[in-house]
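Following: one structure in structure tokens, then a few remarks.
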Amino acid sequence: MKFSKLLLPVLMLWAGTVLAAGVDPLTADIDARDALRFANLMKDGAVPTADALQRGYLDGAGPGVKIFTPAPRIIDAQRLAKAVAARPDTYRYAIRECLPQLPALRGDLRAIYLAFAGLLPERPLPAIDVVFGANSSGGTASNDTQVIGLEVTCPPGTTPEQFRTTMRGFFAHETVHTWQDDETPAALADLLLSQALREGVADYLATLVTGTIPHLDRDAWARPQEARLWRAFQRDRAAIRGSGGGVDKLVASPHFRRWFANCGAAPEGWPCEAGYWVGMRIAEAYLARSADKRAAMRELIELRDPDAILRASGYGGQGAQATKPASAPTR
């Protein structure tokens, strides 16, 4: 079947759709117009050149591609062309198998957005763009848009149910990132904990609106050894805090890479990015000990002082302990 016939229903469903910040959860939709433009460049077995990608994809692209362009994602047409040429079948699989499934996910998106609107009605819900990148990132977010990289969320062999689960997780997780501000000085001074909470809070709130823990395989691996993982995390946290140097140096250190930015290079026997799970457990403990759950969610999103959040949570590698209400972090 040719791509043009395969994608015709998708084109018809998205025709004329323009999304904006603060979308209505009842009418929220997935903007895949740039993904369709990319797919057109690969029809009939073509592997697009950098020039073709520049003219037919990057030029005239919508906000999603622009958000997805800075390092470490697309960067430029040359890098994108190299990524596509290295794994054309990865892109073809996502185009053939998963791009046509996106309209069927509207109901999931709207249900997740309705749940967020109930939990945090003052938070604007972002537009969603699905694009193709340089096979280096599944998603990112700006203040008003979340962007999902389809070739990463739909690798070869992905089943429709697996794709749906992955996309539901991204819809929820990346929405939380659109609400998070840049790190405060207190957060930058405690980089490993800050990163764990930024990602873990997004994962924890995602569990509330989807009913599913993200990355169940990572969760199954981590829970039986939670205390040991927490001790290892605390050692790396202390090493980073005491090492000095700028953020770039700290992010490149083995103490940071043990927990983050290590998919394909995680420690032997570990899942990638175990730091998300640690942060999720701290967030869960913090919410369990808070008398005002919605206020606690807002404090977790604002994340003004990660160490104050940790101390108030009572977390120590033992999971969520709903013992007594925690006092709010000092503002």
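Any value given below was found using the heavy atoms of this structure, including those in side chains, with hydrogens, waters and symmetry copies removed.
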Distance in Å, [X] [atom1] paired with [Y] [atom2], rounded so as to fall on 0.5 Å steps:
{"X": "L303", "Y": "Q195", "atom1": "CG", "atom2": "CD", "result": "10.0 Å"}
{"X": "L53", "Y": "R37", "atom1": "CG", "atom2": "CZ", "result": "10.5 Å"}
{"X": "D305", "Y": "L193", "atom1": "CG", "atom2": "CG", "result": "9.0 Å"}
{"X": "T90", "Y": "F132", "atom1": "OG1", "atom2": "CZ", "result": "11.0 Å"}
{"X": "L58", "Y": "D76", "atom1": "CG", "atom2": "CG", "result": "8.5 Å"}

For the side chain of [X] and the backbone of [Y], is there at least one donor-acceptor N/O pair under 3.5 Å apart?
{"X": "R258", "Y": "P267", "value": "no"}
{"X": "W277", "Y": "P214", "value": "no"}
{"X": "Q318", "Y": "G316", "value": "yes"}
{"X": "R257", "Y": "V251", "value": "yes"}
{"X": "R289", "Y": "S313", "value": "yes"}
{"X": "E273", "Y": "A261", "value": "yes"}
{"X": "D31", "Y": "R33", "value": "yes"}
{"X": "R237", "Y": "L192", "value": "no"}
{"X": "S290", "Y": "K293", "value": "no"}

With T166, which residues qualify under side-chain contact (heavy atoms from CB on, under 4.5 Å), at least two apart?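 With sequence neighbours excluded, T166 shows a side-chain contact (heavy atoms from CB on, under 4.5 Å) to T153, F170, given in chain and number order.
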List the residues meeting side-chain contact (heavy atoms from CB on, under 4.5 Å) with S136, not counting sequence neighbours, and say none if there are none.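 Checked S136 against side-chain contact (heavy atoms from CB on, under 4.5 Å); matches are R73, R79, A134.
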Nearest heavy atoms of V23 and P126, plus distance in Å: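 V23 and P126 have their closest heavy atoms at CG2-O, 3.6 Å.
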May I ask you to decide whether R281 forms a salt bridge with E284, counting only side-chain N to carboxylate O separations under 4.0 Å?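 The answer is yes: the pair qualifies as a salt bridge.
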Taking only Lys NZ, Arg NE, NH1 and NH2, and the carboxylate oxygens of Asp or Glu, determine whether R87 and E151 approach each other closer than 4.0 Å.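 E151 and R87: not salt-bridged.
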Regarding E199 and H173, is there a side-chain donor-to-acceptor distance under 3.5 Å anywhere?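 Distance-only check passes for E199 and H173.
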Any donor-acceptor pair under 3.5 Å linking the side-chain atoms of H177 with those of E174?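 No, because no side-chain N or O of E174 sits under 3.5 Å from a partner of the opposite role on H177.
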Which donor-acceptor pairs under 3.5 Å do the side chains of residues 59-69 make with protein atoms, sequence neighbours left out?
from, atom 1, to, atom 2, distance (Å)
D59, OD1, Q54, NE2, 2.7
K66, NZ, A61, O, 2.5
T69, OG1, V65, O, 2.6

If two hydrophobic side chains count as joined below 4.5 Å and joins carry through other members, does Y57 share a cluster with I75?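 Looking at the clustering, I75 is in a separate group from Y57.
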Hydrophobic clustering (ILVMFWY, side-chain heavy atoms < 4.5 Å, transitive) - are V84 and V152 grouped together?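 Cluster IDs for V152 and V84 differ.
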Under the ring pair (Phe, Tyr, Trp, His ring centres under 6.0 Å) test, residues paired with W270 that sit two or more places apart: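 For W270, the residues satisfying ring pair (Phe, Tyr, Trp, His ring centres under 6.0 Å) (neighbours in sequence not counted) are W221, W259.
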Got a sec, which residues hit ring pair (Phe, Tyr, Trp, His ring centres under 6.0 Å) with Y113, two or more places apart in sequence or on another chain?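 Applying ring pair (Phe, Tyr, Trp, His ring centres under 6.0 Å) to Y113 gives none.
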R218: what forms a salt bridge (charged side-chain N to carboxylate O under 4.0 Å, His left out) with it, not counting sequence neighbours?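 Residues passing salt bridge (charged side-chain N to carboxylate O under 4.0 Å, His left out) with R218: D203.
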Not counting sequence neighbours, which residues clear salt bridge (charged side-chain N to carboxylate O under 4.0 Å, His left out) with E183? List them please.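 R198.
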Pairing residues for R164 by the side-chain hydrogen bond (donor to acceptor under 3.5 Å, both in side chains) criterion, not counting sequence neighbours: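 Expected list: D108.
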With T145 via side-chain hydrogen bond (donor to acceptor under 3.5 Å, both in side chains) - residues at least two apart: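 T145 satisfies side-chain hydrogen bond (donor to acceptor under 3.5 Å, both in side chains) with no residue once adjacent residues are dropped.
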What residues join L26 in its hydrophobic cluster, counting side-chain heavy atom gaps under 4.5 Å, either direct or through other members?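 Reading the cluster by chain and number, L26 sits alongside L114.
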With side chain to side chain donor-acceptor pair (under 3.5 Å) as the criterion, how do D29 and T27 come out once you've worked through the C-alpha distance, each side chain's angles and the decisive distance to 0.1 Å? CA-CA 6 Å; D29 211 340; T27 58; over 6 Å; no
With sequence neighbours left out, which residue pairs that include part of residues 51-80 fulfil the disulfide (SG to SG under 2.5 Å) condition?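 Qualifying pairs: none.
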Any pair counted as ring-ring contact (aromatic ring centres under 6.0 Å, His included), so long as it reaches residues 86-107, sequence neighbours left out: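 Pairs touching residues 86-107 that pass the test: F38-Y91.
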K249 atom NZ, neighbour heavy-atom count above 12 within 6.0 Å: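 Atom NZ in K249 is not packed in, count stays at 12 or less.
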